[in-house]
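For reference, positions follow the sequence shown, starting with 1. Indexing begins at 1, ligand by ligand and atom by atom, following the structure's order.
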Amino acid sequence: MGNPKAFLEIRRQEAGYRPLHDRILDFGEVEQTLNTRERKLQASRCMDCGVPFCHWACPLGNKPPEWNDALYKGEWELAYRLLSATNPFPEFTGRICPALCEKACVLNLTVHEPTTNREDEAAITEAAFREGYIAVHHPVRNGRRVAVIGSGPAGLAAANELNLKGYQVTVFEKNESAGGLLRYGIPNFKLNKAIIDRRMRLLEQEGIVFRFGESITLDAACFLFQEYDAIVIATGTPVARDLPIPGRELKGVHFALELLAQQNRVLAGMEFRKDERITAKGKDVLVIGGGDTGSDCIGTAHRQGCKSVTQIEIMPRPVEGPDDPQNPWPNYPRTLKTTSSHEEGCVRRWNINTLEFLGTNGKLTGVKVQEIDWKPNPAGGRPLMVEKGNPEIIKAEIVLLAMGFLKPEHPSYPENVFVCGDAANGASLVVRAMASGIQTARKVDNYLK
Ligand SMILES: Cc1cc2nc3c(=O)[nH]c(=O)nc-3n(C[C@H](O)[C@H](O)[C@H](O)COP(=O)(O)OP(=O)(O)OC[C@H]3O[C@@H](n4cnc5c(N)ncnc54)[C@H](O)[C@@H]3O)c2cc1C
Ligand code: SF4
(Lines give C-alpha, C1' and ligand atoms only; values in the text may rest on other atoms or scores of the structure.)
(Ligands and ions follow the chains in the order given, each with its own letter.)
Protein backbone atom coordinates (compact mmCIF):
# COMPACT_ATOMS: atom_id res chain seq x y z
CA MET A 1 0.00 0.00 0.00
CA GLY A 2 1.57 3.25 -1.19
CA ASN A 3 0.04 5.87 1.07
CA PRO A 4 -1.80 4.48 4.10
CA LYS A 5 -3.42 7.82 4.94
CA ALA A 6 -4.47 8.91 1.43
CA PHE A 7 -8.09 7.94 2.04
CA LEU A 8 -8.20 10.48 4.89
CA GLU A 9 -6.78 13.32 2.82
CA ILE A 10 -7.97 12.76 -0.73
CA ARG A 11 -11.61 12.77 -1.69
CA ARG A 12 -13.17 10.58 -4.37
CA GLN A 13 -13.04 12.37 -7.68
CA GLU A 14 -14.92 11.08 -10.72
CA ALA A 15 -13.93 12.17 -14.20
CA GLY A 16 -17.55 13.14 -14.90
CA TYR A 17 -19.27 13.61 -18.21
CA ARG A 18 -18.61 15.91 -21.16
CA PRO A 19 -20.65 19.15 -20.89
CA LEU A 20 -24.27 18.51 -21.71
CA HIS A 21 -24.58 21.06 -24.54
CA ASP A 22 -21.61 19.41 -26.26
CA ARG A 23 -22.24 15.70 -25.75
CA ILE A 24 -25.86 15.79 -26.80
CA LEU A 25 -24.82 16.72 -30.34
CA ASP A 26 -22.99 13.46 -31.07
CA PHE A 27 -22.77 9.78 -30.16
CA GLY A 28 -19.19 10.00 -28.80
CA GLU A 29 -18.52 8.55 -25.35
CA VAL A 30 -19.89 10.85 -22.66
CA GLU A 31 -17.41 9.96 -19.93
CA GLN A 32 -14.25 12.03 -19.55
CA THR A 33 -10.88 10.93 -18.11
CA LEU A 34 -8.72 12.31 -15.31
CA ASN A 35 -5.14 13.29 -15.99
CA THR A 36 -2.36 10.93 -14.87
CA ARG A 37 -1.62 12.78 -11.62
CA GLU A 38 -5.26 12.83 -10.55
CA ARG A 39 -5.70 9.18 -11.54
CA LYS A 40 -2.75 8.12 -9.40
CA LEU A 41 -4.11 10.11 -6.47
CA GLN A 42 -7.42 8.32 -6.80
CA ALA A 43 -5.66 4.96 -6.86
CA SER A 44 -3.76 5.95 -3.69
CA ARG A 45 -7.06 6.06 -1.77
CA CYS A 46 -7.32 2.25 -1.89
CA MET A 47 -6.35 1.10 1.60
CA ASP A 48 -5.54 -2.55 0.84
CA CYS A 49 -8.02 -3.51 3.59
CA GLY A 50 -7.34 -6.65 5.58
CA VAL A 51 -10.52 -8.23 4.21
CA PRO A 52 -11.20 -6.47 0.91
CA PHE A 53 -14.84 -7.06 0.06
CA CYS A 54 -14.27 -5.79 -3.49
CA HIS A 55 -12.64 -9.12 -4.47
CA TRP A 56 -15.77 -10.93 -3.45
CA ALA A 57 -18.20 -8.42 -4.93
CA CYS A 58 -16.64 -8.46 -8.40
CA PRO A 59 -18.04 -11.46 -10.30
CA LEU A 60 -14.66 -11.84 -12.00
CA GLY A 61 -12.84 -11.79 -8.68
CA ASN A 62 -10.81 -8.75 -9.74
CA LYS A 63 -8.27 -7.51 -7.18
CA PRO A 64 -8.55 -3.70 -7.10
CA PRO A 65 -6.18 -3.23 -4.11
CA GLU A 66 -3.34 -4.85 -6.05
CA TRP A 67 -3.70 -2.93 -9.29
CA ASN A 68 -4.60 0.30 -7.53
CA ASP A 69 -1.34 0.06 -5.61
CA ALA A 70 0.67 -0.52 -8.82
CA LEU A 71 -1.18 2.37 -10.46
CA TYR A 72 -0.45 4.70 -7.55
CA LYS A 73 3.25 3.85 -7.87
CA GLY A 74 3.16 4.54 -11.62
CA GLU A 75 3.78 0.89 -12.51
CA TRP A 76 1.23 0.81 -15.31
CA GLU A 77 2.42 -2.38 -16.96
CA LEU A 78 2.29 -4.28 -13.67
CA ALA A 79 -1.15 -2.80 -13.00
CA TYR A 80 -2.34 -4.15 -16.36
CA ARG A 81 -0.84 -7.59 -15.70
CA LEU A 82 -2.62 -7.80 -12.33
CA LEU A 83 -5.89 -6.57 -13.80
CA SER A 84 -5.84 -8.81 -16.88
CA ALA A 85 -5.02 -11.86 -14.73
CA THR A 86 -8.70 -11.98 -13.75
CA ASN A 87 -10.41 -9.75 -16.35
CA PRO A 88 -10.03 -10.64 -20.04
CA PHE A 89 -11.69 -7.45 -21.36
CA PRO A 90 -11.19 -4.63 -18.82
CA GLU A 91 -11.76 -2.04 -21.55
CA PHE A 92 -15.46 -3.08 -21.55
CA THR A 93 -16.01 -3.28 -17.80
CA GLY A 94 -13.90 -0.14 -17.27
CA ARG A 95 -16.53 1.72 -19.28
CA ILE A 96 -19.87 0.14 -18.49
CA CYS A 97 -19.65 -1.96 -15.35
CA PRO A 98 -21.96 -0.74 -12.57
CA ALA A 99 -18.93 -1.39 -10.35
CA LEU A 100 -20.29 -3.88 -7.83
CA CYS A 101 -16.84 -3.69 -6.21
CA GLU A 102 -17.30 -0.01 -5.41
CA LYS A 103 -20.60 -0.74 -3.62
CA ALA A 104 -18.65 -3.17 -1.42
CA CYS A 105 -15.65 -0.87 -0.91
CA VAL A 106 -14.97 -0.20 2.78
CA LEU A 107 -14.76 3.50 1.94
CA ASN A 108 -18.30 3.26 0.57
CA LEU A 109 -19.64 1.42 3.58
CA THR A 110 -18.10 3.96 5.96
CA VAL A 111 -17.99 7.37 4.26
CA HIS A 112 -19.82 6.77 0.95
CA GLU A 113 -16.74 7.66 -1.08
CA PRO A 114 -15.51 4.38 -2.60
CA THR A 115 -12.32 4.14 -4.62
CA THR A 116 -12.80 4.77 -8.34
CA ASN A 117 -12.07 1.18 -9.38
CA ARG A 118 -14.03 1.19 -12.63
CA GLU A 119 -12.39 4.35 -13.94
CA ASP A 120 -8.98 3.15 -12.74
CA GLU A 121 -9.56 -0.07 -14.65
CA ALA A 122 -10.33 1.86 -17.87
CA ALA A 123 -7.28 4.10 -17.39
CA ILE A 124 -4.93 1.14 -16.84
CA THR A 125 -6.27 -0.64 -19.92
CA GLU A 126 -6.09 2.36 -22.23
CA ALA A 127 -2.49 2.94 -21.11
CA ALA A 128 -1.72 -0.74 -21.82
CA PHE A 129 -3.05 -0.49 -25.38
CA ARG A 130 -1.31 2.85 -25.93
CA GLU A 131 2.05 1.72 -24.59
CA GLY A 132 1.96 -1.73 -26.22
CA TYR A 133 1.86 -3.75 -22.99
CA ILE A 134 -0.65 -6.18 -24.45
CA ALA A 135 1.06 -9.24 -25.87
CA VAL A 136 -0.49 -11.43 -28.56
CA HIS A 137 -0.56 -15.00 -27.25
CA HIS A 138 0.20 -17.97 -29.49
CA PRO A 139 -1.22 -20.93 -27.57
CA VAL A 140 0.07 -24.43 -28.20
CA ARG A 141 -2.82 -26.37 -29.78
CA ASN A 142 -4.13 -29.49 -28.04
CA GLY A 143 -5.96 -30.93 -31.05
CA ARG A 144 -9.47 -30.42 -29.62
CA ARG A 145 -12.15 -28.22 -31.23
CA VAL A 146 -14.85 -26.20 -29.49
CA ALA A 147 -17.74 -24.27 -31.07
CA VAL A 148 -19.09 -21.20 -29.29
CA ILE A 149 -22.52 -19.97 -30.40
CA GLY A 150 -22.89 -16.23 -29.81
CA SER A 151 -20.23 -13.54 -29.59
CA GLY A 152 -21.53 -11.38 -26.74
CA PRO A 153 -19.34 -10.87 -23.65
CA ALA A 154 -20.10 -14.41 -22.42
CA GLY A 155 -19.22 -16.06 -25.74
CA LEU A 156 -16.10 -13.93 -26.19
CA ALA A 157 -14.88 -14.65 -22.64
CA ALA A 158 -15.49 -18.40 -23.08
CA ALA A 159 -13.77 -18.40 -26.49
CA ASN A 160 -10.79 -16.46 -25.13
CA GLU A 161 -10.33 -18.76 -22.13
CA LEU A 162 -10.59 -21.93 -24.24
CA ASN A 163 -8.29 -20.54 -26.91
CA LEU A 164 -5.62 -19.72 -24.33
CA LYS A 165 -5.90 -23.30 -23.05
CA GLY A 166 -5.05 -24.58 -26.53
CA TYR A 167 -8.47 -25.45 -27.97
CA GLN A 168 -9.21 -24.50 -31.57
CA VAL A 169 -12.26 -22.28 -31.10
CA THR A 170 -14.79 -21.25 -33.73
CA VAL A 171 -17.41 -18.64 -32.79
CA PHE A 172 -20.68 -18.70 -34.74
CA GLU A 173 -22.53 -15.38 -34.65
CA LYS A 174 -25.82 -14.56 -36.34
CA ASN A 175 -25.06 -10.84 -36.59
CA GLU A 176 -22.63 -9.27 -39.04
CA SER A 177 -20.14 -8.35 -36.26
CA ALA A 178 -19.12 -9.50 -32.81
CA GLY A 179 -20.08 -8.14 -29.41
CA GLY A 180 -23.73 -9.08 -28.83
CA LEU A 181 -25.40 -6.39 -26.75
CA LEU A 182 -22.06 -4.59 -26.39
CA ARG A 183 -22.41 -3.75 -30.09
CA TYR A 184 -26.15 -3.91 -30.81
CA GLY A 185 -27.65 -2.78 -27.52
CA ILE A 186 -25.39 -0.50 -25.53
CA PRO A 187 -25.23 2.92 -27.26
CA ASN A 188 -21.98 4.31 -28.62
CA PHE A 189 -22.11 7.16 -26.11
CA LYS A 190 -21.45 4.56 -23.38
CA LEU A 191 -19.15 2.26 -25.37
CA ASN A 192 -17.48 3.29 -28.61
CA LYS A 193 -17.55 0.30 -30.97
CA ALA A 194 -13.90 0.83 -31.99
CA ILE A 195 -13.11 -0.56 -28.52
CA ILE A 196 -14.74 -3.88 -29.47
CA ASP A 197 -13.01 -3.91 -32.88
CA ARG A 198 -9.64 -3.41 -31.20
CA ARG A 199 -10.17 -6.46 -28.97
CA MET A 200 -11.52 -8.49 -31.89
CA ARG A 201 -8.30 -7.94 -33.84
CA LEU A 202 -6.35 -9.39 -30.92
CA LEU A 203 -8.65 -12.40 -30.52
CA GLU A 204 -8.38 -13.15 -34.24
CA GLN A 205 -4.59 -12.80 -34.18
CA GLU A 206 -4.55 -15.27 -31.28
CA GLY A 207 -6.31 -17.85 -33.42
CA ILE A 208 -10.05 -17.66 -32.68
CA VAL A 209 -12.09 -18.11 -35.86
CA PHE A 210 -15.28 -16.04 -36.21
CA ARG A 211 -18.09 -16.99 -38.58
CA PHE A 212 -20.55 -14.14 -38.89
CA GLY A 213 -24.05 -14.18 -40.32
CA GLU A 214 -24.57 -17.77 -39.14
CA SER A 215 -27.59 -18.34 -36.97
CA ILE A 216 -27.28 -21.77 -35.37
CA THR A 217 -30.69 -23.26 -34.66
CA LEU A 218 -31.07 -26.39 -32.56
CA ASP A 219 -31.67 -28.48 -35.69
CA ALA A 220 -28.69 -27.02 -37.50
CA ALA A 221 -26.51 -27.65 -34.43
CA CYS A 222 -26.32 -31.35 -35.44
CA PHE A 223 -23.38 -30.67 -37.72
CA LEU A 224 -21.57 -29.04 -34.80
CA PHE A 225 -21.97 -32.21 -32.77
CA GLN A 226 -20.03 -34.10 -35.42
CA GLU A 227 -17.28 -31.53 -35.95
CA TYR A 228 -16.60 -30.25 -32.44
CA ASP A 229 -15.64 -31.90 -29.16
CA ALA A 230 -17.78 -29.48 -27.15
CA ILE A 231 -20.28 -26.69 -27.79
CA VAL A 232 -20.82 -23.56 -25.72
CA ILE A 233 -24.17 -21.82 -26.10
CA ALA A 234 -23.92 -18.08 -25.33
CA THR A 235 -26.92 -16.76 -27.19
CA GLY A 236 -28.15 -14.22 -24.63
CA THR A 237 -31.80 -13.37 -24.02
CA PRO A 238 -33.24 -12.72 -27.48
CA VAL A 239 -36.90 -12.28 -26.43
CA ALA A 240 -37.89 -8.90 -24.95
CA ARG A 241 -40.86 -8.63 -22.58
CA ASP A 242 -43.87 -7.35 -24.55
CA LEU A 243 -46.89 -5.28 -23.51
CA PRO A 244 -49.88 -6.92 -25.22
CA ILE A 245 -52.47 -4.21 -24.53
CA PRO A 246 -54.93 -2.62 -27.02
CA GLY A 247 -53.13 -0.63 -29.72
CA ARG A 248 -49.91 -2.66 -29.58
CA GLU A 249 -50.00 -2.99 -33.39
CA LEU A 250 -49.89 0.81 -33.96
CA LYS A 251 -46.99 2.21 -35.96
CA GLY A 252 -44.66 3.87 -33.50
CA VAL A 253 -44.67 1.20 -30.76
CA HIS A 254 -41.25 -0.50 -30.68
CA PHE A 255 -39.08 -2.66 -28.50
CA ALA A 256 -36.16 -0.63 -27.12
CA LEU A 257 -33.63 -2.79 -28.94
CA GLU A 258 -35.24 -2.07 -32.32
CA LEU A 259 -34.25 1.56 -31.85
CA LEU A 260 -30.91 0.98 -30.11
CA ALA A 261 -29.59 -1.72 -32.45
CA GLN A 262 -30.60 0.20 -35.56
CA GLN A 263 -29.00 3.41 -34.30
CA ASN A 264 -25.73 1.57 -33.62
CA ARG A 265 -25.87 0.06 -37.12
CA VAL A 266 -26.48 3.49 -38.66
CA LEU A 267 -23.40 4.78 -36.82
CA ALA A 268 -21.47 1.81 -38.22
CA GLY A 269 -22.37 3.00 -41.72
CA MET A 270 -25.35 0.79 -42.50
CA GLU A 271 -28.16 2.35 -44.51
CA PHE A 272 -31.88 1.82 -43.95
CA ARG A 273 -34.84 2.68 -46.15
CA LYS A 274 -36.90 5.62 -44.89
CA ASP A 275 -39.85 3.34 -44.04
CA GLU A 276 -37.54 1.02 -42.01
CA ARG A 277 -35.84 3.78 -40.06
CA ILE A 278 -36.91 4.13 -36.42
CA THR A 279 -36.19 7.59 -35.12
CA ALA A 280 -37.33 9.88 -32.35
CA LYS A 281 -36.53 12.99 -34.39
CA GLY A 282 -39.13 15.73 -33.76
CA LYS A 283 -41.29 13.37 -31.70
CA ASP A 284 -42.65 13.14 -28.18
CA VAL A 285 -41.13 9.94 -26.82
CA LEU A 286 -42.49 7.66 -24.10
CA VAL A 287 -40.12 5.07 -22.64
CA ILE A 288 -41.88 2.30 -20.71
CA GLY A 289 -39.52 0.76 -18.16
CA GLY A 290 -37.38 2.57 -15.62
CA GLY A 291 -34.13 0.60 -15.95
CA ASP A 292 -30.86 0.95 -17.81
CA THR A 293 -32.23 -0.04 -21.22
CA GLY A 294 -34.84 2.70 -20.83
CA SER A 295 -32.13 5.17 -19.88
CA ASP A 296 -30.17 4.23 -23.04
CA CYS A 297 -33.31 4.96 -25.09
CA ILE A 298 -33.51 8.44 -23.51
CA GLY A 299 -29.93 9.34 -24.46
CA THR A 300 -30.46 7.97 -27.98
CA ALA A 301 -33.73 9.86 -28.43
CA HIS A 302 -32.01 13.13 -27.43
CA ARG A 303 -29.22 12.60 -29.94
CA GLN A 304 -31.77 11.85 -32.65
CA GLY A 305 -33.43 15.21 -31.93
CA CYS A 306 -36.63 14.28 -30.10
CA LYS A 307 -39.12 16.91 -28.92
CA SER A 308 -39.56 15.49 -25.41
CA VAL A 309 -38.97 12.29 -23.42
CA THR A 310 -40.98 10.79 -20.60
CA GLN A 311 -39.98 7.61 -18.81
CA ILE A 312 -42.57 5.70 -16.81
CA GLU A 313 -42.14 2.79 -14.44
CA ILE A 314 -44.82 0.62 -12.83
CA MET A 315 -42.85 0.15 -9.60
CA PRO A 316 -42.48 2.82 -6.86
CA ARG A 317 -39.72 5.43 -6.92
CA PRO A 318 -36.57 3.98 -5.32
CA VAL A 319 -35.21 5.72 -2.26
CA GLU A 320 -32.69 8.50 -2.77
CA GLY A 321 -29.25 8.53 -1.23
CA PRO A 322 -26.39 6.11 -1.00
CA ASP A 323 -28.22 3.43 1.02
CA ASP A 324 -31.60 1.78 1.13
CA PRO A 325 -32.09 0.83 4.79
CA GLN A 326 -34.64 -1.81 3.69
CA ASN A 327 -32.03 -3.44 1.49
CA PRO A 328 -28.65 -2.93 3.14
CA TRP A 329 -25.25 -4.15 1.99
CA PRO A 330 -24.22 -6.80 0.98
CA ASN A 331 -27.34 -6.56 -1.22
CA TYR A 332 -26.90 -4.32 -4.26
CA PRO A 333 -28.32 -0.87 -3.39
CA ARG A 334 -31.69 -0.41 -5.08
CA THR A 335 -31.47 3.36 -4.81
CA LEU A 336 -32.52 5.99 -7.35
CA LYS A 337 -30.07 6.00 -10.25
CA THR A 338 -29.63 9.12 -12.35
CA THR A 339 -27.63 8.45 -15.49
CA SER A 340 -25.97 10.85 -17.94
CA SER A 341 -29.03 10.33 -20.16
CA HIS A 342 -31.44 11.37 -17.40
CA GLU A 343 -29.34 14.50 -16.85
CA GLU A 344 -29.87 15.35 -20.52
CA GLY A 345 -33.55 15.92 -19.86
CA CYS A 346 -36.45 13.60 -19.09
CA VAL A 347 -39.69 13.53 -17.13
CA ARG A 348 -39.47 10.51 -14.85
CA ARG A 349 -42.58 9.03 -13.26
CA TRP A 350 -43.12 5.98 -11.06
CA ASN A 351 -46.24 3.99 -10.05
CA ILE A 352 -47.65 4.33 -13.57
CA ASN A 353 -49.50 1.45 -15.26
CA THR A 354 -49.98 1.47 -19.04
CA LEU A 355 -53.54 0.74 -20.21
CA GLU A 356 -53.75 1.37 -23.96
CA PHE A 357 -51.85 2.70 -26.97
CA LEU A 358 -53.96 5.29 -28.80
CA GLY A 359 -53.67 6.30 -32.44
CA THR A 360 -55.26 7.57 -35.61
CA ASN A 361 -54.88 6.04 -39.08
CA GLY A 362 -52.74 3.26 -37.61
CA LYS A 363 -50.21 5.66 -36.11
CA LEU A 364 -49.51 6.15 -32.42
CA THR A 365 -50.60 9.51 -30.97
CA GLY A 366 -50.63 8.87 -27.24
CA VAL A 367 -50.76 6.36 -24.40
CA LYS A 368 -53.48 5.94 -21.80
CA VAL A 369 -51.93 5.42 -18.39
CA GLN A 370 -53.15 5.07 -14.82
CA GLU A 371 -51.45 6.20 -11.65
CA ILE A 372 -51.44 3.37 -9.13
CA ASP A 373 -50.33 2.49 -5.64
CA TRP A 374 -48.99 -0.75 -4.19
CA LYS A 375 -50.68 -2.08 -1.05
CA PRO A 376 -49.51 -5.02 1.08
CA ASN A 377 -51.32 -8.23 0.15
CA PRO A 378 -53.16 -9.60 3.21
CA ALA A 379 -52.79 -13.08 1.71
CA GLY A 380 -49.01 -12.53 1.43
CA GLY A 381 -47.03 -12.58 -1.82
CA ARG A 382 -46.90 -9.86 -4.47
CA PRO A 383 -48.39 -6.52 -3.25
CA LEU A 384 -51.76 -5.49 -4.69
CA MET A 385 -52.02 -2.78 -7.33
CA VAL A 386 -54.73 -0.18 -6.58
CA GLU A 387 -55.74 2.63 -8.93
CA LYS A 388 -55.35 6.26 -7.90
CA GLY A 389 -57.61 8.83 -9.57
CA ASN A 390 -58.57 8.70 -13.24
CA PRO A 391 -56.58 7.51 -16.25
CA GLU A 392 -54.68 10.15 -18.21
CA ILE A 393 -53.21 10.40 -21.68
CA ILE A 394 -49.52 11.01 -22.35
CA LYS A 395 -48.89 12.41 -25.83
CA ALA A 396 -46.40 10.27 -27.74
CA GLU A 397 -45.57 9.53 -31.36
CA ILE A 398 -43.06 6.85 -30.42
CA VAL A 399 -43.09 4.37 -27.53
CA LEU A 400 -40.09 2.30 -26.56
CA LEU A 401 -40.74 -0.86 -24.56
CA ALA A 402 -37.85 -1.37 -22.15
CA MET A 403 -39.30 -3.86 -19.67
CA GLY A 404 -36.60 -6.49 -19.65
CA PHE A 405 -36.10 -9.83 -21.37
CA LEU A 406 -37.50 -13.32 -20.89
CA LYS A 407 -35.16 -15.92 -19.43
CA PRO A 408 -34.56 -18.54 -22.13
CA GLU A 409 -35.61 -22.14 -21.56
CA HIS A 410 -33.34 -24.91 -22.74
CA PRO A 411 -34.03 -28.54 -23.59
CA SER A 412 -31.73 -31.12 -22.05
CA TYR A 413 -28.56 -31.14 -24.12
CA PRO A 414 -25.93 -33.83 -24.61
CA GLU A 415 -23.19 -33.72 -21.95
CA ASN A 416 -20.70 -31.92 -24.22
CA VAL A 417 -23.03 -28.89 -24.58
CA PHE A 418 -22.69 -26.05 -22.06
CA VAL A 419 -24.74 -22.86 -21.63
CA CYS A 420 -23.41 -19.58 -20.25
CA GLY A 421 -24.05 -15.85 -19.81
CA ASP A 422 -27.55 -14.40 -20.07
CA ALA A 423 -28.66 -17.50 -21.99
CA ALA A 424 -28.10 -19.49 -18.79
CA ASN A 425 -28.92 -16.98 -16.07
CA GLY A 426 -31.36 -14.48 -17.62
CA ALA A 427 -30.67 -10.82 -18.40
CA SER A 428 -27.86 -9.50 -16.24
CA LEU A 429 -24.61 -7.57 -16.60
CA VAL A 430 -21.57 -7.64 -18.86
CA VAL A 431 -19.26 -8.50 -15.96
CA ARG A 432 -21.50 -11.42 -14.92
CA ALA A 433 -21.74 -12.67 -18.52
CA MET A 434 -17.94 -12.60 -18.81
CA ALA A 435 -17.50 -14.41 -15.48
CA SER A 436 -20.01 -17.05 -16.57
CA GLY A 437 -18.19 -17.48 -19.90
CA ILE A 438 -14.88 -18.06 -18.12
CA GLN A 439 -16.36 -20.52 -15.60
CA THR A 440 -18.05 -22.42 -18.41
CA ALA A 441 -14.82 -22.61 -20.39
CA ARG A 442 -13.17 -24.16 -17.33
CA LYS A 443 -15.99 -26.73 -17.12
CA VAL A 444 -15.48 -27.55 -20.81
CA ASP A 445 -11.76 -27.96 -20.18
CA ASN A 446 -12.39 -30.29 -17.21
CA TYR A 447 -14.86 -32.30 -19.26
CA LEU A 448 -12.55 -32.68 -22.25
CA LYS A 449 -9.56 -33.49 -20.07
C1 LIG B 1 -29.75 -1.67 -23.92
C2 LIG B 1 -28.91 -2.44 -22.96
C3 LIG B 1 -27.94 -1.77 -22.21
C4 LIG B 1 -27.14 -2.47 -21.32
N5 LIG B 1 -26.20 -1.76 -20.61
C6 LIG B 1 -25.39 -2.45 -19.76
C7 LIG B 1 -24.39 -1.75 -19.05
O8 LIG B 1 -24.24 -0.53 -19.17
N9 LIG B 1 -23.58 -2.47 -18.22
C10 LIG B 1 -23.72 -3.83 -18.07
O11 LIG B 1 -22.94 -4.43 -17.32
N12 LIG B 1 -24.68 -4.51 -18.73
C13 LIG B 1 -25.52 -3.86 -19.58
N14 LIG B 1 -26.49 -4.54 -20.26
C15 LIG B 1 -26.59 -6.00 -20.08
C16 LIG B 1 -25.52 -6.73 -20.90
O17 LIG B 1 -25.39 -6.15 -22.18
C18 LIG B 1 -25.82 -8.21 -21.02
O19 LIG B 1 -26.02 -8.75 -19.73
C20 LIG B 1 -24.68 -8.97 -21.70
O21 LIG B 1 -24.42 -8.43 -22.99
C22 LIG B 1 -25.02 -10.45 -21.84
O23 LIG B 1 -23.98 -11.09 -22.53
P24 LIG B 1 -24.22 -12.46 -23.31
O25 LIG B 1 -22.95 -12.74 -24.03
O26 LIG B 1 -24.76 -13.49 -22.39
O27 LIG B 1 -25.40 -12.16 -24.36
P28 LIG B 1 -25.50 -11.12 -25.55
O29 LIG B 1 -24.69 -9.91 -25.32
O30 LIG B 1 -26.97 -10.92 -25.75
O31 LIG B 1 -24.89 -11.89 -26.80
C32 LIG B 1 -25.55 -13.00 -27.38
C33 LIG B 1 -25.02 -13.18 -28.80
O34 LIG B 1 -25.51 -14.41 -29.34
C35 LIG B 1 -25.91 -14.19 -30.68
N36 LIG B 1 -26.89 -15.23 -31.02
C37 LIG B 1 -28.12 -15.40 -30.50
N38 LIG B 1 -28.72 -16.48 -31.04
C39 LIG B 1 -27.84 -16.99 -31.93
C40 LIG B 1 -27.86 -18.12 -32.80
N41 LIG B 1 -28.93 -18.92 -32.85
N42 LIG B 1 -26.79 -18.37 -33.59
C43 LIG B 1 -25.69 -17.54 -33.54
N44 LIG B 1 -25.62 -16.47 -32.74
C45 LIG B 1 -26.67 -16.21 -31.93
C46 LIG B 1 -26.49 -12.80 -30.66
O47 LIG B 1 -26.57 -12.24 -31.96
C48 LIG B 1 -25.49 -12.09 -29.76
O49 LIG B 1 -24.41 -11.60 -30.50
C50 LIG B 1 -27.33 -3.87 -21.15
C51 LIG B 1 -28.32 -4.54 -21.87
C52 LIG B 1 -29.10 -3.83 -22.76
C53 LIG B 1 -30.17 -4.56 -23.53
S1 SF4 C 1 -15.32 -5.55 -13.38
FE2 SF4 C 1 -16.81 -4.18 -12.35
S3 SF4 C 1 -17.10 -5.09 -10.29
FE4 SF4 C 1 -15.20 -6.01 -11.16
S5 SF4 C 1 -13.50 -4.67 -10.42
FE6 SF4 C 1 -14.12 -3.86 -12.45
S7 SF4 C 1 -15.64 -2.26 -12.00
FE8 SF4 C 1 -15.43 -3.53 -10.14
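For ligand 1, the atoms lying closer than 4.0 Å to a non-hydrogen atom of Gly180 are 29 (O), 31 (O), 48 (C), 49 (O). For ligand 1 and Leu260, the ligand atoms under 4.0 Å from any heavy atom of the residue are 1 (C). Of all atoms in ligand 1, numbered sequentially from 1 with element shown, those under 4.0 Å from a heavy atom of Ala234 are 32 (C), 33 (C), 34 (O). Ligand 1 places these atoms under 4.0 Å from at least one heavy atom of Phe405: 53 (C). Using a 4.0 Å cut-off to heavy atoms of Gly421, the atoms of ligand 1 that qualify are 26 (O). The ligand atoms of ligand 1 that sit less than 4.0 angstrom from a heavy atom of Lys190 are 5 (N), 7 (C), 8 (O). Less than 4.0 angstrom separates some heavy atom of Phe172 from each of these atoms of ligand 1: 43 (C), 44 (N). Near Gly152, meaning under 4.0 Å from one of its heavy atoms, ligand 1 places the atoms 25 (O), 29 (O), 31 (O), 33 (C).
Closest to atom 15 (C) of ligand 1 among all protein heavy atoms lies Ser428 O, 3.2 Å. Of all protein heavy atoms, the one closest to atom 34 (O) of ligand 1 is Gly150 CA, 3.2 Å. Looking only at protein heavy atoms, the nearest one to atom 19 (O) of ligand 1 is Asp422 OD2, 2.9 Å. In terms of protein heavy-atom proximity, atom 51 (C) of ligand 1 is closest to Leu181 CD1, 4.0 Å. Nearest protein heavy-atom neighbour of atom 4 (C) of ligand 1: Ile186 CG1, 3.5 Å.
Ligand 1 has a nitrogen or oxygen under 3.5 angstrom from a nitrogen or oxygen of Val430. Close N/O approach between Ile96 and ligand 1 is found [any backbone or side-chain N/O within under 3.5 Å]. Taking only nitrogen or oxygen atoms, main chain and side chain alike, Asp292 does not reach within less than 3.5 Å of ligand 1. At least one N or O atom of Glu173 sits closer than 3.5 Å to an N or O atom of ligand 1. Checked against a 3.5 angstrom limit, the closest N/O atoms of Ala427 and ligand 1 fall outside it. When only interatomic distances are considered, the shortest N/O to N/O separation between Thr293 and ligand 1 does not fall below 3.5 Å.
Panel note: side chain Glu126, backbone Ala123; no donor-acceptor pair is recorded below 3.5 Å. In this structure, the side chain of Glu397 engages the main chain of Asp284 through a donor-acceptor pair within 3.5 Å. Between the side chain of Glu173 and the backbone N or O of Asn175 there is at least one donor-acceptor pair closer than 3.5 Å.
At a threshold of 4.5 Å between non-hydrogen side-chain atoms, the residues Lys190 and Glu29 do not count as touching. Proximity of Leu71 to Trp76: side-chain heavy atoms (C-beta onward) are separated by under 4.5 Å at one or more points. When side chains are defined from C-beta on, Val253 does not count as touching Leu243, because their heavy atoms never get closer than 4.5 Å. The closest side-chain heavy-atom distance from Arg95 to Glu121 is not below 4.5 Å. Side-chain contact between Ile394 and Arg349 is present, with at least one heavy-atom pair separated by less than 4.5 Å.
A donor-acceptor contact closer than 3.5 angstrom links the side chains of Thr115 and Asn117. Between the side chains of Gln42 and Asp120, not a single donor N or O lies within less than 3.5 Å of an accepting N or O.
With atom 42 (N) of ligand 1 as the reference point, the heavy atom nearest to it among Ile216, Thr237, Asp296 is part of Ile216. One option in Thr235, Ile233, Thr339 has a heavy atom closer to atom 38 (N) of ligand 1 than any other, and that option is Thr235. The nearest non-hydrogen atom to atom 44 (N) of ligand 1, considering only Lys174, Arg95, Glu214, comes from Lys174. Between the choices Gly437, Gly236, Ala154, the shortest heavy-atom distance to atom 25 (O) of ligand 1 belongs to Ala154.
Under the 30°/60° scheme for interplanar angles, the aromatic rings of Trp329 and Phe53 are found to be tilted. Using a 30° and 60° split on the angle between ring planes, Phe89 and Phe92 fall in the tilted class, from 30° to 60°.
Seen from the ring of Phe272, Arg265 does not count as a face-on cation partner, given the 6.0 Å and 45° thresholds. Both cation-pi conditions hold for Arg145 and Tyr228: the charged atom is under 6.0 angstrom from the six-membered ring centre and inside a 45 degree cone around its axis. A cation-pi arrangement is absent between Arg183 and Phe212, since the terminal nitrogen or guanidinium carbon is not both under 6.0 Å from the aromatic centre and inside a 45° cone about the axis.
The CG atom of Leu60 sits 9.5 Å away from atom CG of Leu100, with the distance rounded to the nearest 0.5 Å. For the atom pair Leu181 CG and Leu260 CG, the distance stands at 9.5 Å (nearest 0.5 Å).
Of all protein N/O/S atoms, those lying under 2.8 Å from atom 8 (Fe) of ligand 2 come to 1.
Heavy atoms of Leu182 stay at 4.0 angstrom or farther from ligand 1. Close to ligand 1: Ser215, with a non-hydrogen atom less than 4.0 angstrom away. In this structure, Asn175 has a heavy atom closer than 4.0 Å to ligand 1. Contact annotation: Pro153 has at least one heavy atom less than 4.0 Å from an atom of ligand 1.
Ion pairing between Arg201 and Glu204 fails under the 4.0 Å rule for side-chain N and carboxylate O.
If you look at Thr93 next to ligand 1, there are no close heavy atoms at all, none under 4.0 Å.
Of the candidates Lys40, Arg39, Glu38, Thr36 forms a side-chain contact (heavy atoms from CB on, under 4.5 Å) with just one, namely Lys40.
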Please list, one pair per line, the donor and acceptor atoms closer than 3.5 Å that link side chains of residues 434-441 to other protein atoms, with sequence neighbours excluded.
unit_1	atom_1	unit_2	atom_2	d
Ser436	OG	Gly421	N	2.7
Thr440	OG1	Ser436	O	2.7

